[in-house]
**Student:** 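There's a structure below that I have some questions on.
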Amino acid sequence: MKNLPIGVFDSGIGGLTVAHALKEKLPNESIVYFGDTEHLPYGEKSDEAIQDFSKKIAKFLMKKNCKAIVMACNSASSVAFDVVKKQADHISVFNVIDPIVKVVAKSCNDCKIGVIGTKTTIQSGVYSRKIQSICSSAKVASLATPLLVPMIEEGFVNEKISHQIIANYLSKKTLSSLDFLILACTHYPLIHQEISDFYNNKVDVIDSASIVADSIRSALDNKNLLNSNKTPKYQFYVSNFTNSFAESAKFFFKEEIKIKEVNIWN
Ligand code: DGL
């Protein structure tokens, strides 16, 4: 079991930020990545649709013999974690929300915490529920920021136009006087610095990639499931291949990767 791969999935290529962090923190682990580029963006889909896609992807990753599944998408983690966990009940399933909530809740007494993400993630209210269940004095202000995903995918990062869109969202009154800002979308690590710059580094900006990877490492270690074999293999699949995804994937995984299209829906 130890030497089996970790399955990672997202609605598209944003989850590659988490896959990259896993590769950095767990260099012996093999990874099977699936990006549902055919149904992207999940942030605009119904809960039922996301649950259905997520269950099918989990089935695909189980067929690939994965020892664990990482839902590297906040939208899917928000509304489909329980159904995937139920379906894959013999292996560990990780979402990208719990590790972040744990980290923030440790130091959130009387704090104001901002959360930005897709419409699905924000409308689910999952971050505020989970944070307040651990730290009832925390104030949580959430804002859907749907323009950020297409902006990042089109490569508008660290440019005048991205500064303007980010400033427009982050200047909303609801997000004033924050102590923390949670980047509740796996695309957003790519604009982490731009967001920190907007706040002149005065707000603690938290993205999921490395926190999630740390928490998976310790969970696998506790279950004695860390790979001891030093020849990891990486496989990348998408449900709909385009050259533009392949181009952007390098940017998210920080190296050239080979992506294969696969039909998992029948
Ligand atoms: N990566 C997805 C997430 O973390 C955002 C993209 C989408 O809407 O599918 O929520």
Side-chain angles (χ1 to χ4, degrees), residues 7-22 33-58 69-81 83-84 93-101 114-128 130 142-157 162 165-166 169 181-192 195 205-213 215-216 236-240 242 244-245 248-249 251-253 259:
V8 180
F9 81 87
D10 178 39
S11 55
I13 49 182
L16 287 171
T17 56
V18 176
H20 175 259
L22 284 171
Y33 183 90
F34 182 88
D36 189 7
T37 48
E38 187 178 339
H39 298 118
L40 176 91
Y42 280 10
E44 308 287 322
K45 300 285 182 304
S46 68
D47 295 3
E48 292 73 22
I50 298 171
Q51 287 162 2
D52 186 43
F53 303 145
S54 300
K55 280 201 291 190
K56 288 177 177 146
I57 298 166
I69 293 177
V70 181
M71 300 177 68
C73 171
N74 276 269
S75 309
S77 295
S78 299
V79 300
F81 180 57
V83 293
V84 170
V93 179
F94 300 100
N95 64 56
V96 284
I97 298 171
D98 292 328
I100 304 299
V101 167
V115 182
I116 57 171
T118 65
K119 287 180 195 162
T120 299
T121 300
I122 297 306
Q123 280 162 12
S124 74
V126 64
Y127 275 92
S128 46
K130 289 194 177 206
S142 305
L143 183 74
T145 49
L147 268 185
L148 298 182
V149 165
M151 179 192 91
I152 296 166
E153 293 214 338
E154 287 302 321
F156 290 111
V157 169
S162 56
I165 294 171
I166 288 169
Y169 279 134
L181 178 71
I182 297 176
L183 306 186
C185 174
T186 50
H187 279 67
Y188 298 177
L190 295 175
I191 50 169
H192 190 142
I195 291 180
V205 178
I206 296 169
D207 77 54
S208 48
S210 75
I211 294 173
V212 167
S215 115
I216 291 170
F236 299 92
Y237 297 94
V238 289
S239 46
N240 184 247
T242 65
S244 104
F245 280 127
S248 321
F251 187 45
F252 284 79
F253 196 65
I259 303 180

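As the structure lists them, so they are numbered: ligands from 1, and atoms in each ligand from 1. These numbers were taken from a predicted model, which means no experiment stands behind them.
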**Student:** May I ask you to identify the nearest protein heavy atom to atom 10 (O) of ligand 1, giving residue, atom name and distance to one decimal place in Å?
**Tutor:**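 Of every protein heavy atom, Ser75 OG, 2.7 Å lies nearest to atom 10 (O) of ligand 1.
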**Student:** What atoms in ligand 1 come closer than 4.0 Å to a heavy atom of Tyr42?
**Tutor:**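 Taking each heavy atom of Tyr42 in turn, ligand 1 has 7 (C), 8 (O), 9 (O) under 4.0 Å.
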**Student:** Is the side chain of Ser11 donor-acceptor paired with the backbone N or O of Leu40 at a distance under 3.5 Å, no angle test?
**Tutor:**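 Between the backbone of Leu40 and the side chain of Ser11 there is no qualifying donor-acceptor contact (under 3.5 Å).
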**Student:** Taking both backbone and side-chain atoms of Cys185, is any N or O found less than 3.5 Å from an N or O belonging to ligand 1?
**Tutor:**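 No: no nitrogen or oxygen of Cys185 is under 3.5 Å from one in ligand 1.
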**Student:** Which atoms of ligand 1 have any heavy atom of Asp10 under 4.0 Å away?
**Tutor:**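 In order of number, 1 (N), 2 (C).
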**Student:** Indicate yes or no for a side-chain donor-acceptor contact from His187 to the backbone of Glu153 under 3.5 Å, with no hydrogens or angles considered.
**Tutor:**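 Between the backbone of Glu153 and the side chain of His187 there is no qualifying donor-acceptor contact (under 3.5 Å).
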**Student:** Please list the nearest protein heavy atom to atom 3 (C) of ligand 1 with its residue and the distance rounded to 0.1 Å.
**Tutor:**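 Minimum-distance protein heavy atom for atom 3 (C) of ligand 1 reads Asn74 N, 3.4 Å.
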**Student:** So for Ser11, does at least one of its heavy atoms come nearer than 4.0 angstrom to any atom of ligand 1?
**Tutor:**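 Contact present.
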**Student:** I need the atoms of ligand 1 closer than 4.0 Å to a non-hydrogen atom of Thr118, numbered in the order shown.
**Tutor:**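 Once the distances to Thr118 are compared, the set is 5 (C), 8 (O), 10 (O).
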**Student:** So do Val149 and Cys185 actually touch side chain to side chain, heavy atoms under 4.5 Å?
**Tutor:**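 Sidechains of Val149 and Cys185: in contact.
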**Student:** Parallel, tilted or perpendicular: which one describes the rings of His39 and Phe53, with boundaries at 30° and 60°?
**Tutor:**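 Answer is parallel, since the angle falls under 30°.
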**Student:** What protein heavy atom sits nearest atom 8 (O) of ligand 1, and how far off is it?
**Tutor:**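 The answer is Gly43 N, 2.8 Å.
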**Student:** Any side-chain donor-acceptor pair under 3.5 Å between Asp36 and Ser239?
**Tutor:**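 A donor-acceptor contact under 3.5 Å links the two side chains.
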**Student:** Check for a donor-acceptor pair, side chain of Gln51 on one end and backbone N or O of Val79 on the other, with a separation under 3.5 Å.
**Tutor:**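 Yes; judged by distance alone, with no hydrogens or angles, the pair exists.
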**Student:** Nearest heavy-atom pair of Tyr42 and Cys73: which atoms, and what distance?
**Tutor:**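 So the minimum-distance heavy-atom pair works out to CD2-SG, 4.1 Å.
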**Student:** Only heavy atoms of Leu40, strictly under 4.0 Å: list the atoms of ligand 1 that pass.
**Tutor:**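 Within the 4.0 Å cut-off of Leu40, ligand 1 contributes 9 (O).
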**Student:** If we only consider heavy atoms of Cys73, is any one of them less than 4.0 Å away from an atom in ligand 1?
**Tutor:**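 Yes; Cys73 lies near enough to ligand 1 that a heavy-atom distance drops under 4.0 Å.
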